[in-house]
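Keep in mind it's a predicted model, so treat the numbers as computed, not measured. The basis for the numbers below is simple: all heavy atoms, side chains too, and nothing from hydrogens, waters or symmetry mates.
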Amino acid sequence: MEVQKLCKSYDDRPVLQNVSFAAENGVTALWGPSGAGKTTLLRILMGLEVTDSGTLSGTDVRWSAVFQEDRLLPGLDAMENLRFVLGPDMDNDAAAAQLRALGLDPSPGQCVRSWSGGMRRRLALARALLAPADALALDEPFTGLDTENRQRAAACIAQAAERMPVLLVTHDPLDLSTLRASCIKL
């Protein structure tokens, strides 16, 4: 996947100016202050927004994402949330294993509305990791996670990065070293 001289403005206010980079398998961190255009760049790459100018290669990429909001169905349990996105052909064993790897219980019954923010965040990550995809977009995936669960999540992300490009929006320099990420400063 390659981005060349990408530009985006809102109401004549430049957000992204001549952004260029290439991403291959592994973690590429999008780094910069709030308002630098990190989320906008992810949205453009996923086809949710249109650029003003610039070129993108690899636009036929099938993305999976963790957005800033968890976007879960609060009245469903963990497996039901996964099945809603993954469909009836979901591999139940793989889903349960992914939940356990993230420190979550795959047992049925407990609606996610009663879960903590960190638990919901890990479920959103599990959903993205399990979805069929060519690339993974993660917008602040560690929000609300304590040290132990942050390490679990990072290990799962690193495993996914072995087989696909992972674009990570983060503000924490520790994430860059933990995930051995290359860094794109916006």
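We find the CG-CG distance between Leu45 and Leu167 to be 6.0 Å, quoted to the nearest 0.5 Å. Here the straight-line distance linking atom CH2 of Trp115 with atom CZ of Arg120 works out to 10.0 Å at 0.5 Å rounding. Separating the CG atom in Leu136 from the OG1 atom in Thr28 is a distance of 11.5 Å, to the nearest 0.5 Å. Here Asp134 contributes atom CG and Arg62 contributes atom CZ; the two are 5.0 Å apart, rounded to the nearest 0.5 Å. A distance of 5.5 Å separates CG of Leu123 from CG of Leu82, quoted to the nearest 0.5 Å. Taken from CZ in Phe84 to CG in Leu76, the straight-line distance is 8.0 Å, to the nearest 0.5 Å.
At a threshold of 4.5 Å between non-hydrogen side-chain atoms, the residues Lys5 and Ser53 do not count as touching. Looking at heavy atoms from C-beta onward, Pro108 lies out of side-chain contact with Met79 at the 4.5 angstrom threshold. Looking at Asn25 and Pro165, their side chains come closer than 4.5 Å, going by heavy atoms from C-beta outward. Taking the side chain as every heavy atom from C-beta outward, Asn92 and Arg83 approach each other to under 4.5 Å. Inter-residue side-chain proximity for Trp31 and Leu176 is flagged as met; some heavy-atom pair is nearer than 4.5 Å. Contact annotation: the side chain of Leu6 never approaches that of Gln17 to less than 4.5 Å [non-hydrogen atoms, C-beta and beyond].
With 3.5 Å as the limit, one finds no donor-acceptor pair spanning the side chains of Glu49 and Thr40. Looking only at atom types and distance, the side chain of Ser107 has a donor-acceptor partner in the side chain of Asp105 under 3.5 Å away. Side-chain contact, Arg122 with Asn149: a donor N or O sits under 3.5 Å from an acceptor N or O.
Residues Val166 and Leu48 are members of separate hydrophobic clusters, defined by side-chain heavy-atom contacts under 4.5 angstrom among Ile, Leu, Val, Met, Phe, Trp and Tyr. By the criterion of side-chain heavy atoms lying less than 4.5 angstrom apart, applied directly or through intervening Ile, Leu, Val, Met, Phe, Trp or Tyr residues, Leu30 is not grouped with Met164; the two fall into different hydrophobic clusters. Criterion: ILVMFWY side-chain heavy atoms under 4.5 Å apart, direct or through other members. Under it, Leu138 and Val61 are not part of a common hydrophobic cluster. In the hydrophobic cluster analysis, where Ile, Leu, Val, Met, Phe, Trp and Tyr join through side-chain heavy atoms closer than 4.5 angstrom, Leu130 is grouped together with Met119. Cluster annotation: Met1 and Leu168 are assigned to distinct hydrophobic clusters (Ile/Leu/Val/Met/Phe/Trp/Tyr, side-chain heavy-atom contacts under 4.5 Å, transitive).
Other residues, nucleotides and ligands contribute over 12 non-hydrogen atoms within 6.0 Å of the CD atom of Gln110.
Residues forming a side chain to side chain contact (heavy atoms under 4.5 Å, CB included) with Thr143 (at least two apart in sequence, or on another chain): Arg121, Glu140.
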Verdict with supporting geometry, Lys38 and Asp139, salt bridge (charged side-chain N to carboxylate O under 4.0 Å, His left out): CA-CA 8 Å; Lys38 300 177 298 291; Asp139 200 345; over 6 Å; no
Residues Thr39, Gln68; criterion side-chain contact (heavy atoms from CB on, under 4.5 Å); working and verdict: CA-CA 9 Å; Thr39 297; Gln68 289 180 346; 3.1 Å; yes
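A cation-pi contact links Arg71 to Phe67, judged by a cut-off of 6.0 Å to the six-membered ring centre and 45° from its axis.
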